[in-house]
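Each ligand, and each atom within it, is numbered from 1 in the order the structure gives. As the structure is a prediction and not an experimental result, all values here were calculated from the model. Because only heavy atoms are used, hydrogens play no part in the values below, and waters and symmetry mates are left out as well, while side chains stay in.
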Amino acid sequence: MSLTVEIVKTIPYPDQKPGTSGLRKKVSVFQKENYTENFIQSILDANGEAIVGSTLVVGGDGRYFLEEAVAIIAKIAAANKVSKLIVGQNGIFSTPACSHIIRKYKLLGGILLTASHNPGGPTEDFGIKFNCSNGGPAPDAVTEEIFSLSKKIESYKIVNGLNVSLSTIGKQSFDVQGRQFEVEIIDSVQDYLEYMQEIFDFDKLKTLIKGSKERPSFNVLIDSMHGVTGRYVEKIFKETLGCGEKNVTRTNTLPDFGGFHPDPNLTYCKELVQKLQDDCAYDFGAAFDGDGDRNMLLGKKAFFITPNDSLAILANNLECIPYFKKNGVFGFARSMPTAAAVDRVAKKLNTENFETPTGWKYFGNLMDADRISLCGEESFGTGSNHIREKDGIWAALAFLSVIQHTGKSVQELCEDHWKEFGRNYFTRYDYENCAEAPCKDMMKHLQELADTKALIGKSFPTTGQTYTVKEMDNFEYVDPIDKSVAKNQGIRIIFECGSRIIVRLSGTGSSGATVRLYGENYSQNEVLKSAQDMLKPIIDIALEVTKLKEYTGRDAPTVIT
Ligand code: G1P
Ligand code: ZN
């Protein structure tokens, strides 16, 4: 039976502007009449003629509305002459797995259904993001094109009679007005597992976990926070690396993530912190976010390692990972707000090092041009050029490889690193769900201070140290590869001593505004102090300069990292 393409008239929505990482809104917004359909049609149209005969991967993190969205995508893709969709079983793929599949099977791209670390459920968030043929999030030019098409869309094409079964692995073929359209449902984990086995030395990792004559068994606790990584963790850590039941937790993926905020940080992942504090038998903890691209790493007794430091430690030890032995190490990169610990390693190793705007998409060109091999963000994102997304499980396996290779604990690795390089103390204050207008006014106020250079040379005496402003600007990035320019990427106040304050508004929220305030303070010798103490003076300066309390009415941040 041949299925028919229908053309459905629609009216544009004005708010389909992708943020730092795709379009994120409340589920109820995506459920509005034609809302999801419009956006999918705009994504396909932004690809022009290339969409005809193409293959795309589709998958998401298991959150509420996933299966409905996959069904809509299949119907619209078929109508727009896409040849084939590769879909994870039950619609499930982690973000890193999607990136890998695009690259491995040389696809035109993929549609990722996730709002990452944002809560899920009928009253929470959903998200749609397009990744290009390099496996990475679409660059600004593409997302702007999608947005501009979404503002003038008049109709979309759909095959309403096309129904895909998401649960059975295998190929399903459809005849759409004489053209073949295929949907292949594949195992969500297999390709990713095989790739991890290629990248890392699984035999060595197995020995680390099991223990040997030289070393007792190494006890890990891997927390999937009810997100998508559950099945990956079961397969990789339990079935392949030999971990036991007590080494993994919350591996059942739930559409509302069990009511938790699936963001692996000290505030939202207290459960893991508590378990490691209570049970000294654990040597290592790792947690991943809803879609599996973020990671938080902990040592014994929940010793916290910042993503800035884990990036730098990995950079300093990449030779112990077979992938880098084989492919070499090109250079490193970090997003601008990320503390500069990795810069010092780059200097020692004499490799290139880049500072990019916030968002993984800015690393893509550098990786494609073989300029960087490893990169990271302070927001619990770490990854390499093995794919074009950050990768939580990869980060945990990479850190375990360093532990295996050096024979050191997490804490020893950190403290030895600080002794060699000094320590970049770092903190981030998040003020979530503020009213939008006053936050924009605050940014305007800061922009004026930067434009008029009013703060340059100004000294702020604090107990112990006087901080003098050396530079203040709004970060602007010229992509070294395609020369594209990203403006207004965050206000930076840089002091004579190298300490920094950064202020920007989040681009991933689904409603309201979130202010992010970052503080960094480098010390060469005093490396074992409390980060909050070391950063208190510059946070106080930041609060004074930004007038944050006046603008937002907030006394305290919602999250401190
Ligand atoms: C946040 C993080 C950023 C990360 C992004 C997607 O974006 O700060 O580093 O790339 O989530 O995971 P923001 O909300 O700050 O725009
Ligand atoms: Zn994520």
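Here's the thing with S379: one of its N/O atoms is less than 3.5 angstrom from an N/O atom of ligand 1.
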Please determine whether side-chain contact (heavy atoms from CB on, under 4.5 Å) holds for the pair T546 and L446, giving the CA-CA distance in whole Å, both sets of side-chain angles, and the decisive distance to 0.1 Å. CA-CA 7 Å; T546 56; L446 290 170; 3.8 Å; yes
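Near R428, meaning under 4.0 Å from any of its heavy atoms, are these atoms of ligand 1: 8 (O). Of all atoms in ligand 1, listed by their number and element, those nearer than 4.0 Å to a heavy atom of K390 are 4 (C), 6 (C), 10 (O), 12 (O). Which parts of ligand 1 touch R516 is read off a 4.0 Å heavy-atom cut-off, strictly below it: atoms 8 (O), 13 (P), 14 (O), 15 (O). The ligand atoms of ligand 1 that sit less than 4.0 angstrom from a heavy atom of T358 are 3 (C), 8 (O), 9 (O). Contact atoms of ligand 1 toward G507: 13 (P), 14 (O), 16 (O) (distance under 4.0 Å to a heavy atom of the residue). Heavy-atom proximity to G359, at under 4.0 Å, picks out these atoms of ligand 1: 10 (O).
Side-chain atoms of N295 and W394 include no donor-acceptor pair closer than 3.5 Å. In this model, a donor atom of one side chain and an acceptor atom of the other lie less than 3.5 Å apart for H226 and N252. Between Q89 and D187, the side chains place no donor N or O within less than 3.5 Å of an acceptor N or O (distance only, hydrogens not considered). For N424 and R344, the side-chain atoms include at least one donor-acceptor pair closer than 3.5 Å.
Scored by the side-chain hydrogen bond (donor to acceptor under 3.5 Å, both in side chains) test, T552 finds no partners at all (sequence neighbours excluded).
Closer than 2.8 Å to the Zn ion (ligand 2) sit the protein N, O or S atoms S116 OG, D289 OD2, D291 OD1, D293 OD1.
For Y192 and Y232, the distance between ring centers is under 6.0 angstrom.
Remark: among candidates E377, R504, R294, K129, the nearest residue to atom 11 (O) of ligand 1 is R294, based on non-hydrogen atoms.
A cation-pi arrangement is absent between R103 and Y195 under the rule of less than 6.0 angstrom and at most 45 degrees off the ring axis. Cation-pi geometry between R250 and F288 is not met: the NZ or CZ atom fails to fall both under 6.0 Å from the ring centre and inside 45° of the normal.
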